[in-house]
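Each chain gets a letter, A, B and so on, in the order the sequences are listed, and its residues count up from 1.
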Protein chains: 2
Amino acid sequence: MNAPAPRRTRIQQEKRELILEAALEVFSTHGFRGSTIDQIAEAAGMSKPNLLYYFRRKEEIHETLIQRLLDTWLAPLRELDDVGDPLTELRSYIRRKLEMARDYPRESRLFANEILQGAPRIMPLLEGELKSLVEEKVAIIKGWMRAGKIVRTDPRHLIFSIWATTQHYADFDVQVRAVLGPDLGGDGRFEDAARFLEQLFLDGLKPKASAD
Amino acid sequence: MNAPAPRRTRIQQEKRELILEAALEVFSTHGFRGSTIDQIAEAAGMSKPNLLYYFRRKEEIHETLIQRLLDTWLAPLRELDDVGDPLTELRSYIRRKLEMARDYPRESRLFANEILQGAPRIMPLLEGELKSLVEEKVAIIKGWMRAGKIVRTDPRHLIFSIWATTQHYADFDVQVRAVLGPDLGGDGRFEDAARFLEQLFLDGLKPKASAD
DNA sequence: CTAACGTTTGTCCATCCGGTCAAAAATTTG
DNA sequence: CAAATTTTTGACCGGATGGACAAACGTTAG
């Protein structure tokens, strides 16, 4: 499917990496159109023509970035399987997704930017790879429901809600920090979020009629 | 705080409205920098200089749009009060937010774009008006928890999770529809989402030890 | 009708931006 | 070292874009 990776010198490897790192920073905060090659070049500490020596077009950088992103992005969902206890399994999925939001917020925002604008570059992937991956996991979740291990509900919207709540802490980070303020908005906010989400997804808000 | 609204002729009112409508469409899908005045002008059915007669700068359109947005955007949260039953109150808040995602997806995306890019234009508002509104509602929610009406949990993250899950259906609509496919991705998806979210927030995923 | 005022448009400009190119500088190879 | 190859840069180009402006057009009031 893909053309064979062209041979590259050591310098090319390193510089391309440097550029991608810089581009991730820039693209994730300004979007594709909002970012300029000059910005990226400056962030990577090189001149524009020099950057264009390593990537011939602005789009080429973006595409490379998106392609890489998707592999790591879907890894947590791929790992979801039905070997362990369903609730434990879901809990770790939520935790892994939240860790990704904490550790790779730029990737999350890059992805969010892409989707927000109608996913012009990755639509086929959403309808193909992503959809079938989701269907695969939906089957697992349905199994858990049939076995009475988790409540019967809509498995697809369950997945959406996990995506939404976890990615929120990357994509809307500014808002989260603004609302939490300096006291609560520090590094501890991800642990608070993890505790909350675990409780929400496991028990919901309704108080137990009989104490646990 | 604001300058008095300048007097405007009937034509000015109408044309400005037309421009804002067109600009909402364009800005919400391409972001601020990704949108051109020409695009907006064409969508509004007028020439660029004509548009600039009504709004002197591109930013002026965007600011006006954002200002309006915020009023309607926060309305559902403002309405949250402790007159009724807490769970009912939360349920209608979720429902109202989901309806907004369904009926005003462009506003949601405009807001998301702004936050994603670091909220350069509305930071003060987030730290001021939004934060204090949230604090006010946090107090109410804490009251409910003390009264044992809802489970004890983090009220701020509870609010975040409602924002995240509902806005997801506007901001990530393309992805949602791609994953659901043509069968499930039709107009019914919002009702499915409403049902799911209600169940999630009320009962969570853990199956009841004793049947209801 | 006409003066005054509001609206619309064609034209133009300066800047930005993606991308090219040839030549210089650095590095590798023999 | 010297030739070959790779990397870097300054200068440049063409098109897009935000915005200015004056002239034309339309409308309304006297």
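Per the geometry, CD1 belonging to A/I40 stands 8 Å off P belonging to C/dG18, to the nearest Å. Atom CD of B/Q13 and atom P of C/dG6 are 15 Å apart (whole Å). One interatomic measurement links the two molecules: CD of A/E14 to P of D/dT8, which rounds to 11 Å at whole-angstrom precision. Between the CE atom of B/M46 and the C1' atom of D/dC25 there is a distance of 16 Å, rounded to whole Å.
Outside the 6.0 Å centre-distance limit, the rings of A/F55 and A/H62 are not counted as a close aromatic pair.
For DNA chain C, no neighbouring residue in residues 18-27 of chain B is found when judged by any heavy atom under 4.0 Å.
Ring geometry, A/F111 versus B/F172: the interplanar angle falls from 30° to 60°, so the pair is classed tilted. The aromatic rings of B/F160 and A/H168 sit tilted, their planes meeting at an angle between 30° and 60°.
Sorted by first then second residue, the salt bridge (charged side-chain N to carboxylate O under 4.0 Å, His left out) pairs that include residues 65-81 of chain A, not counting sequence neighbours, are A/E17-A/R68, A/R78-A/E129, A/E79-A/R96. Pairs engaging residues 41-58 of chain B under the salt bridge (charged side-chain N to carboxylate O under 4.0 Å, His left out) rule: B/D38-B/K48 [sequence neighbours left out].
Put simply, B/Q12 has a side-chain N or O that comes within less than 4.0 Å of OP1 or OP2 on C/dT7. Taking only side-chain nitrogens and oxygens, B/N50 never comes nearer than 4.0 Å to OP1 or OP2 of C/dT7. The shortest distance between the side-chain N/O atoms of A/K15 and the OP1/OP2 oxygens of D/dT8 is below 4.0 Å. Close to D/dT7, at under 4.0 Å from its OP1 or OP2, lies a side-chain N or O of A/Y53.
When the side chain to side chain contact (heavy atoms under 4.5 Å, CB included) test is applied to B/S132, no partner is found at least two apart in sequence or on another chain.
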- Message: Between A/E114 and A/R121, does the salt bridge (Lys or Arg N to Asp or Glu O under 4.0 Å) criterion hold? Intermediate values first, please.
- Response: CA-CA 8 Å; A/E114 180 66 15; A/R121 298 161 234 270; 3.4 Å; yes
| said: Walk me through whether A/R106 and A/E21 qualify under salt bridge (Lys or Arg N to Asp or Glu O under 4.0 Å). | reply: CA-CA 10 Å; A/R106 299 176 307 177; A/E21 161 66 24; 2.9 Å; yes
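Within 4.0 Å (heavy atoms only), B/F55 reaches no atom of the nucleic acid at all.
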A correct 5'-to-3' footprint of nucleotides 16-23 of chain D, with B, S and - meaning base, sugar-phosphate only and no protein heavy atom under 4.0 Å, is -SBBBB--
Expected list for residues 185-200 of chain B: side-chain donor-acceptor pairs under 3.5 angstrom, two or more places apart:
from   : atom 1 : to     : atom 2 : distance (Å)
B/R189 : NE     : B/D173 : OD1    : 3.4
B/R189 : NH1    : B/G185 : O      : 3.3
B/R189 : NH1    : B/G186 : O      : 3.1
B/R189 : NH2    : B/D173 : OD1    : 2.8
B/D192 : OD1    : B/R195 : NH2    : 2.8
B/E198 : OE1    : B/R95  : NH2    : 2.8
B/E198 : OE2    : B/R91  : NH1    : 3.4
B/Q199 : OE1    : A/T153 : OG1    : 3.1
B/Q199 : NE2    : A/R152 : O      : 2.9

